[in-house]
Asker: 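Structure in structure tokens, see below.
Residue numbers begin at 1 in each chain, while the letters A, B, ... track the order of the sequences. Fair warning: this is a prediction, and the values are worked out from it, not measured in the lab.
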Number of protein chains: 2
Amino acid sequence: MQNSFTEENYLKIIHSLSGREGAEVSTNALAESTSTRAASVTDMLRKLAEKGLIHYKKYQGVRLTPEGEKVALKVIRKHRLWEVFLVEKLGFGWDEVHDIAEELEHIPSDRLVERLDSFLDNPQFDPHGDPIPDAKGNMPKPDYLKLSEVPPGGKVLMMGVLEHTPSFLQHLDRSGLTLGCELEIREINDYDKSIVVLLSSQRTLFVSQEVSKNLLVQRL
Amino acid sequence: MQNSFTEENYLKIIHSLSGREGAEVSTNALAESTSTRAASVTDMLRKLAEKGLIHYKKYQGVRLTPEGEKVALKVIRKHRLWEVFLVEKLGFGWDEVHDIAEELEHIPSDRLVERLDSFLDNPQFDPHGDPIPDAKGNMPKPDYLKLSEVPPGGKVLMMGVLEHTPSFLQHLDRSGLTLGCELEIREINDYDKSIVVLLSSQRTLFVSQEVSKNLLVQRL
DNA sequence: ATATTTTTTTAGGTTAATCTAAATTTTTTT
DNA sequence: AAAAAAATTTAGATTAACCTAAAAAAATAT
Ligand SMILES: [Mn+2]
Ligand SMILES: [Mn+2]
Ligand SMILES: [Mn+2]
Ligand SMILES: [Mn+2]
């Protein structure tokens, strides 16, 4: 019994919405994320429960079973490996690869994934800083913090992003913010929580809270 | 109006069955090739005709329209480029790549195809010797002959295969027959049309008609 | 503790791609 | 030119993934 394209997407979204605590995910949240209606979600949840991929009791939200989690992590692994391929080998920008990877992630061949992984030299992170699960489904969960949570004077490295929209990523490009770059928080404006950071190039940069809430960093 | 996975497969199969004369393809032939029933084919033909991708009059078989041919060639281009990628970059054998390429060929991004093409250094032929259409849909049609048609004494280069099944390709591997290898026809057994060929390694090899009918060669 | 609002499920349809069985058209054979 | 056979189309279902509208359950507010 193979899982369909649609089923895989549901599992991936349940995984992402339930966070690392494995919290319950609501029907409405899934309708929102899948761009469908709640009634359609209910149909699909019955099917996934039937297949043993989720725990589901009417009116009580869903969680992945271990089996469902395995499938979700495999899809996430493929998504992120293909993103690395598109950026590292084909020269795409990090703002261009998500939609293509949404399609590639459903190509079903274990041998393909493992060979792709080797070809890319077993990358640990995708172009957006997200960790790549290994073949067994182990995914490191680095505990980064948001740039918006760093106090003034702090020096940090930029490690990832929480928004993956092309417009957000292009904005970062224009600001000179790339993964791995070093930032020092110079001041935080109390009024709008915007911050002034110093880049390693000695340039200073204004960063709105809108942006700083979506940047993951690591203290130096 | 995007073409579905299924529609693309029909167009590709119609292209391949109608040959380079653009001959009409029958409903039954399509049912056979798509592993469906004739009734299902009729439904799909009405839809493709509706979309202007095929010429179709009841009971009279189908041909691609120029628009349909364009779509078919694009799918074939993607299929063959992905096969090159799988063999050249990921190290798959030529017997392993067809099924994976059947899936990859439907990934819909023109930018992806063109970047893949560059990454592979604009290959002209796929791992089975089939020509790869260019971005505009021009596909060279080399006129090879079958090994079974070459008279005794002839020296040829092996240029392609007509069978793409793993078992046939693996048989060629075991026989030491690879694309580009040189063959000299030593004798043809009248009884079963099997032939004895001399390889450039000076090894002699028996080739059944079953096999020689499916090998494309070029005279030296 | 009720009443109201929100969330979720059920009921009943739709569309794409398939199917089987029956009807029709075309082709081949006598 | 009939009759028989083969190919094709039509009729009527089925399944997956969706939908809207209505009913039911849970959560929230009075
Ligand atoms: Mn992505
Ligand atoms: Mn990513
Ligand atoms: Mn192939
Ligand atoms: Mn090929």
Asker: Of the listed nucleotides (D/dC18, C/dC19, C/dT9), which one gets closest to any side-chain atom of A/Y10?
Answerer: D/dC18

Asker: Is C/dA23 paired to anything, Watson-Crick or G-U wobble with both distances less than 3.5 Å, and if yes, which nucleotide?
Answerer: D/dT8

Asker: Using a heavy-atom cut-off of 4.0 Å across all strands, would you classify B/F5 as base, sugar-phosphate, or nothing?
Answerer: nothing

Asker: Partner of C/dT30 by Watson-Crick or G-U wobble geometry, both contacts under 3.5 Å, or none?
Answerer: D/dA1

Asker: OP1 or OP2 of D/dT20 sitting under 4.0 Å from any side-chain N/O of A/R37?
Answerer: yes

Asker: For B/D130, is there any backbone N or O sitting under 3.5 Å from a side-chain donor or acceptor partner on B/R80?
Answerer: no

Asker: What is the distance from CG of B/L30 to P of D/dT9, rounded to the nearest Å?
Answerer: 10 Å

Asker: For A/K57 and D/dA26, give me the distance from atom NZ to atom C1', rounded to whole Å.
Answerer: 16 Å

Asker: Check the phosphate of C/dT9 against A/Y56, side-chain N and O only, distance under 4.0 Å to OP1 or OP2. Yes or no?
Answerer: yes

Asker: Going by side-chain contact (heavy atoms from CB on, under 4.5 Å), name the residues that satisfy it together with A/S18, two or more places apart in sequence or in a different chain.
Answerer: A/V25

Asker: Rounded to the Å, how far apart are A/Q60 CD and C/dT9 P?
Answerer: 10 Å

Asker: Which is true for A/T42 with a 4.0 Å heavy-atom rule: it touches a base, it touches only sugar-phosphate, or it touches nothing?
Answerer: base

Asker: Is it true that A/H79 and A/H98 have ring centroids separated by less than 6.0 Å?
Answerer: yes

Asker: Assign each of A/M44 and B/V41 to its nearest nucleotide of DNA chain D by heavy atoms, then name whichever residue's nucleotide is nearer the 5' end.
Answerer: B/V41

Asker: Side chain of B/N28 only, heavy atoms from C-beta on: which candidate in C/dT9, C/dT18, D/dT8 is closest?
Answerer: D/dT8

Asker: From CG of A/L45 over to C1' of D/dA16, roughly how many Å is that when rounded to an integer?
Answerer: 15 Å

Asker: For B/T27, which contact category applies under a 4.0 Å heavy-atom criterion: base, sugar-phosphate, or nothing?
Answerer: sugar-phosphate

Asker: Between D/dA24, C/dT18, C/dT20, spot the one nearest the side chain of A/Y59, thanks.
Answerer: D/dA24

Asker: Let me spell it out: for each of A/E7 and A/A39, pick the nucleotide of DNA chain D with the closest heavy atom. Which residue's pick is nearer the 5' end?
Answerer: A/E7

Asker: Whole Å only: how far is the CZ atom of A/R46 from the P atom of D/dA16?
Answerer: 12 Å

Asker: Of the nucleotides D/dT8, C/dC19, D/dT10, which one has an atom closest to the side chain of B/K58?
Answerer: D/dT10

Asker: Hey, does the side chain of A/K78 reach the backbone of A/I107 with a donor-acceptor pair shorter than 3.5 angstrom?
Answerer: yes

Asker: At 4.0 Å (heavy atoms only), tell me whether A/S40 reaches a base, stays on the sugar-phosphate, or touches nothing.
Answerer: base

Asker: Rounded to whole angstroms, how far apart are CG on A/D43 and C1' on D/dC19?
Answerer: 10 Å

Asker: So which heavy atom on B/Q2 is nearest to which on B/P108, and how close?
Answerer: NE2-CB, 4.3 Å

